[in-house]
S.K.: 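Before I ask anything, let me first share the structure, which is written out below as structure tokens.
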Amino acid sequence: MTISGLLSYLIFFLTFAGIYAIMALGLNMQRGFAGLFNIGIAGFWAVGAYTAAILTKSPSPNHLGGFNTPIIISLLAAGIFSAILAFLIGIPTLRLREDYLGISTIGIAEIIRLIFTNEAWLSYGVRGISSIPKPFRDIFGQYYNLSFLALVLIVIAIFYYLSEKGIKSPWGRVLRAIREDEEVAKASGKNVFRYRMEALVFGAFMMGVGGALYAHFTGFISPEAFMPMQTTFIVWIMLIIGGSANNFGVLIGAVITWGIWTGTETITSMLPAQYVTQAAAFRVILIGVFLEIILLNMPDGLFPERKFKA
Amino acid sequence: MLEVNNIRAGYGEIEIIHGLSLTVNKGEIVSIVGPNGSGKSTFLKSIFSLVDIMDGQITFQNEILNNAATDEMIKKGLSFVPQTDNIFPSLTVHENLELGGYISRKKLKDRLDLVYDLFPPLLAKKKKRAGTLSGGQRQMVAFGRALIMKPKLLLLDEPTAGLAPMYIQLILDKVKAINETGVTILMVEQNAKKALEMSDRGYVLAAGVKKYEDSGRALLENEEVAQLFLGG
Amino acid sequence: MVLQLLLNGLIYGSIIALGGIGLTLIYGILNFGHFAHGDLMTLGAYLAYLFTVQLALPLPFSFVIAGLLTAATANLLDKILYKKLEGRDSVTIMISAVGAALIIRNLILMSWGPQLKFLERGIEMPLVFFDGLLRITRTQIMILILSVIFVTAVHLFLSKTKLGKAMRAMSDNTALAKITGINTERVIFWTWFMSGILTSSAGIFLAMDTHLIPEMGWNLLLPMFAAVILGGIGNPYGAIVGGLAIGISQEISTMFIAASYKPAVAFAIMILMLLVKPSGLMGKKV
């Protein structure tokens with residue numbers, strides 16, 4: 001591999017790792033800081049991706065679209081739609097114990113998949129949406145991938161900044177207090193439901209934006225492309241290995257996990273073609289076992305939660 | 001029968017009981033009273049190893065009891081009735097009582113008869129789900145479940161907590177009746193006056209330490225105790 | 001039409017109910033949602049496929065062996081994962097269950113591939129009643145009869161035996177069960193064991209009625225959870241009623257909405273329940 005080939009692979013790798021890192025930051029807001037159990041990440045991701053695809057594309061006879069919105073609007077809209085979805089799912093579940101949210105997020109991810117699969121007018125069904133615009137391609141030309149990586153990094157920086165700022169504020173302190181002891185927080189007059197909802201919605205917003213970036217970068221999305229459990233699971237591993245409730249750790253966790261995940265692909269891709277299904281399954285088993293080992297042996301991940309002054 | 005020697009106990013690293021001693025003799029009713037947050041329930045729980053014991057010694061019939069397994073304590077003749085959630089609500093009254101005999105089924109029938117004799121209202125409701133009973137009857141189920149284990153010493157954590165006033169005296173009378181069948185009783189009680197009236201001896205706790213220790217009558221007559229802890 | 005849908009719903013509902021009994025008991029006793037339950041169901045079905053079709057052993061024998069092996073897997077998961085994570089927050093335990101689910105499903109995918117498989121070869125001619133209004137195969141009749149037998153056996157076990165009562169007691173109030181001297185470790189072991197047998201049976205019934213795919217159990221997880229929540233967490237009788245209700249609703253719903261949205265019905269019922277009465281129709285835990 002030449003230097004430039006290596007470099008372009010690195011850019012490609014970091015872009016994907018970065019998009020996943022955005023999802024992981026979103027999950028960290030929900031799970032890390034607020035203790036919320038979201039295992040329907042793929043659903044929020046898909047809503048973001050489809051929103052962006054439908055908004056930015058030029059008219060197509062196959063599905064809804066033709067709005068030609070600029071990317072900045074599509075990113076925001078993707079976040080907002082994902083946030084609305086989170087809001088709706090939060091209403092019946094956030095007053096109850098954490099499991100209900102988990103079960104409901106699986107349900108919502110499944111329903112979203114059903115909608116994008118069955119409603120051809122909206123999303124062209126299983127055939128998916130292709131030729132999603134690549135922003136600034138004309139301006140940056142051969143440096144397009146690099147410019148996209150820059151965009152991803154900017155988004156990460158913004159979310160990282162907002163997360164850190166939020167979590168160090170009085171709002172964040174209450175959030176963590178609720179996570180530690182709901183009853184005590186309630187007794188001191190905090191509206192537990194509202195704080196949780198805000199964390200859930202903010203996290204979902206990030207996930208929606210991450211989904212939009214994914215759609216723009218790959219140029220193609222379909223209900224099958226999301227592999228709901230696999231996608232969700234990888235984001236969870238990023239969070240757990242990096243260290244729940246530590247944004248910096250989560251970013252590192254994202255890069256490490258994505259490295260391991262793509263690394264296993266490199267290995268299994270050497271297998272003969274007839275084993276492709278087995279190889280894919282084997283990769284999931286590997287990261288599954290990996291997760292369990294981390295859970296059992298490294299409860300706090302690589303970077304434990306920092307203690308903030310009360 | 002029960003000797004607690006200079007015990008320190010609490011939750012995790014938080015010490016709530018700072019060196020308490022207590023004695024219960026066979027056949028007695030002994031009450032532990034004190035204001036909210038005095039650690040009286042924690043103290044009772046420490047005897048049954050339900051909280052972390054950091055120091056001190058508990059002996060029951062001259063055997064060390066510290067951190068004993070629950071079934072071991074039950075076999076030795078100790079039984080604990082928690083303050084809340086002390087029944088299995090979706091099980092019938094009869095099933096609740098039967099489970100008291102989980103460890104040893106010997107003479108279960110006799111024990112059941114004894115419990116139904118002590119608490120006649122339960123006999124009529126034996127097939128009802130315990131969760132549907134009134135507060136007083138639930139408490140009887142909880143007592144009954146403990147009595148099935150054929151305890152020598154019964155530990156009661158605030159037996160009248162949350163009960164309607166009409167039931168309070170009834171339940172305390174039942175405690176007396178249980179004692180008369182030969183069961184020694186150590187209880188923590190919110191209604192300090194009523195508890196001390198029926199107790200052979202009493203302990204007054206405050207902030208995790210012992211303030212007074214005397215016969216029930218003497219504590220009632222002690223003006224200091226009356227002013228500070230019995231509401232004048 | 002309605003009659004046929006009712007029957008289909010009853011069969012589907014029995015399958016959900018059988019899986020749901022174990023799910024709700026684990027929920028009540030260990031206090032977490034077991035997200036690998038659906039994939040244990042798949043495992044049972046594929047093991048039955050291995051013994052019946054690949055090794056050509058008699059179905060009843062395969063049924064029992066698959067059940068035992070699934071139960072052993074459930075106990076293994078508890079031993080190497082959930083028990084070790086005891087005391088950690090429930091989200092950690094649940095995400096480890098999600099991991100276990102993915103591992104089991106992909107092991108199945110690796111071993112048997114993604115293609116549809118059938119437990120029985122050939123097409124079975126259904127018995128026709130009421131001028132074609134109701135069609136039922138002998139397999140379906142057998143599934144219904146066996147489900148009734150299983151549910152009755154579970155009921156007798158839970159209401160007549162010491163271990164069964166201890167299970168219900170623990171599901172009601174674990175702390176009190178400990179104070180009462182109930183051997184909680186033993187109860188937990190048998191709860192996993194029984195759940196394994198039941199969910200494996202449910203998976204085999206589903207395979208007999210339809211076919212095998214690696215996602216079959218995962219797809220039933222949501223309906224099972226919905227049944228458990230509908231019936232009240234920790235209440236095995238609630239799970240049975242909930243399972244039948246969900247199964248029948250899903251089938252009847254096809255009269256009003258596209259069949260492809262059938263899986264959404266369980267979800268909708270569950271959300272409605274959470275909004276109206278989160279403790280379930282027959283339960284109390286929230």
Side-chain angles (χ1 to χ4, degrees), chain A residues 31 35-39 88-89 91-104 106-115 117-119 179-180 228-230 232-233 236-237 239-240 244 275 277-297 299, chain C residues 27 31-33 35 77 80-81 84-85 88-111 113-115 214-215 218-219 221-226 228-229 233 258 260-264 266-268 270-276 278-279 285-286:
Chain A
R31 155 62 179 163
L36 302 173
F37 188 36
N38 175 0
I39 36 177
L88 294 177
I89 200 77
I91 292 172
T93 55
L94 286 182
R95 287 178 214 279
L96 310 169
R97 35 187 263 185
E98 50 271 68
D99 339 20
Y100 290 104
L101 177 64
I103 298 165
S104 303
I106 289 190
I108 204 73
E110 173 64 12
I111 287 171
I112 300 244
R113 195 184 64 81
L114 285 177
I115 291 174
T117 310
N118 292 308
E119 303 302 323
R179 184 193 63 189
E180 295 309 319
M229 267 341 274
Q230 200 168 297
T232 298
F233 197 59
W236 267 93
I237 296 180
L239 176 85
I240 290 164
S244 194
Y275 295 118
T277 313
Q278 276 83 352
F282 186 66
R283 288 174 69 204
V284 181
I285 295 169
L286 273 184
I287 58 158
V289 172
F290 180 63
L291 168 90
E292 305 291 4
I293 291 171
I294 301 267
L295 276 179
L296 289 169
N297 300 309
Chain C
Y27 223 139
N31 224 6
F32 73 93
F35 285 84
L77 288 181
I80 62 173
L81 285 180
K84 295 223 165 104
L85 293 170
R88 306 267 292 277
D89 74 330
S90 70
V91 174
T92 301
I93 302 181
M94 287 189 281
I95 203 71
S96 88
V98 174
L102 273 175
I103 293 171
I104 294 172
R105 195 178 330 150
N106 282 281
L107 278 171
I108 288 168
L109 192 59
M110 241 174 95
S111 315
Q115 306 83 1
E215 294 82 22
W218 174 256
N219 293 340
L221 189 66
L222 192 63
M224 281 196 288
F225 268 124
V228 166
I229 288 171
I233 286 177
S260 47
Y261 282 110
K262 221 159 56 170
F267 180 73
M270 186 180 86
I271 293 293
L272 206 66
M273 198 67 199
L274 291 183
L275 284 170
V276 179
S279 58
K285 278 194 184 181
V286 180

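Just so we're on the same page: letters track the sequence lines, and every chain starts at 1. Treat the numbers as computed from the prediction; the structure is a model and nothing was measured.
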S.K.: If you count heavy-atom pairs within less than 4.5 Å of chain A, which of C:S260, C:A264, C:P263 leads?
M.R.: C:S260

S.K.: Need one label for A:I39: side chain, backbone, both or neither, based on atoms under 4.5 Å from any heavy atom in chain C.
M.R.: side chain

S.K.: A side-chain contact here means heavy atoms from C-beta on lying under 4.5 Å apart; do A:I106 and C:F225 qualify?
M.R.: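 SC-SC contact between A:I106 and C:F225 ruled out.
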
S.K.: Which pair of non-hydrogen atoms, one from C:S96 and one from A:L295, has the smallest distance, and what is that distance?
M.R.: CB-CD1, 3.4 Å

S.K.: Where does A:I108 contact chain C at under 4.5 Å (heavy atoms): side chain, backbone, both or neither?
M.R.: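 Backbone plus side chain of A:I108, per the 4.5 Å heavy-atom cut-off to chain C.
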
S.K.: Given C:I103, which partner from the list A:L291, A:V284, A:V289, A:L286 fulfils the side-chain contact (heavy atoms from CB on, under 4.5 Å) test?
M.R.: A:V289

S.K.: In terms of heavy-atom pairs under 4.5 Å, which option from A:T277, A:I115, A:T93 contacts chain C the most?
M.R.: A:I115

S.K.: Show, in sequence, the C-alpha distance, side-chain angles and deciding distance for C:L107 and A:F282, and conclude whether the side-chain contact (heavy atoms from CB on, under 4.5 Å) test is met.
M.R.: CA-CA 7 Å; C:L107 278 171; A:F282 186 66; over 6 Å; no

S.K.: Under 3.5 Å, side chain of C:R105 to main-chain N/O of A:A281, donor-acceptor pair present?
M.R.: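 It does not hold such a pair.
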
S.K.: Please name the pair of heavy atoms, one in C:I80 and one in A:L296, separated by the smallest distance, quoted to 0.1 Å.
M.R.: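 Heavy atoms of C:I80 and A:L296 come nearest at O-CD1, 3.7 Å.
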
S.K.: Counting heavy-atom pairs under 4.5 Å with chain C, which one of A:L114, A:I103, A:I89 comes out on top?
M.R.: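 Counting heavy-atom pairs under 4.5 Å, the top option is A:I103.
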
S.K.: If we ignore hydrogens and angles and just use 3.5 Å, is the side chain of A:E292 paired with the main-chain N or O of C:A100 as donor and acceptor?
M.R.: yes

S.K.: Can you say whether C:I229 sits under 4.5 Å from chain A via the side chain, the backbone, both, or neither, judging by heavy atoms?
M.R.: side chain

S.K.: For A:Y100 and C:M270, what are the C-alpha separation, side-chain angles and deciding distance, and is it a side-chain contact (heavy atoms from CB on, under 4.5 Å)?
M.R.: CA-CA 10 Å; A:Y100 290 104; C:M270 186 180 86; over 6 Å; no

S.K.: If you apply the rule side-chain contact (heavy atoms from CB on, under 4.5 Å), what do you find for C:N106 with A:R283, and how did you get there?
M.R.: CA-CA 9 Å; C:N106 282 281; A:R283 288 174 69 204; over 6 Å; no

S.K.: What heavy-atom pair brings C:P278 and A:L96 nearest, and what distance separates the two atoms?
M.R.: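 In this case the closest contact between C:P278 and A:L96 is CB-CD2, 3.5 Å.
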
S.K.: Quick check on the 6.0 Å ring-centre criterion: do C:F32 and A:F37 meet it?
M.R.: no

S.K.: For the residue pair C:L274 and A:S104, establish whether any side-chain heavy-atom pair is separated by less than 4.5 Å.
M.R.: yes

S.K.: In Å and rounded to the nearest 0.5 Å, what is the CG to CD1 distance from A:D99 to C:I233?
M.R.: 6.0 Å

S.K.: Among the options C:L222, C:L102, C:I95, pick out the one with the most heavy-atom pairs lying under 4.5 Å from chain A.
M.R.: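 Of C:L222, C:L102, C:I95, C:I95 has the most heavy-atom pairs under 4.5 Å with chain A.
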
S.K.: OG/C:S90 to CZ/A:R97 distance, rounded to the nearest 0.5 angstrom?
M.R.: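 The OG atom of C:S90 sits 7.0 Å away from the CZ atom of A:R97.
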
S.K.: Under a 4.0 Å N-O cut-off, is there an ion pair linking C:D89 with A:R31?
M.R.: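 A salt bridge is present here (some side-chain N lies under 4.0 Å from a carboxylate O).
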
S.K.: Shortest non-hydrogen contact from C:V91 to A:G35?
M.R.: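 Shortest heavy-atom separation between C:V91 and A:G35 comes out as CG2-O, 4.1 Å.
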
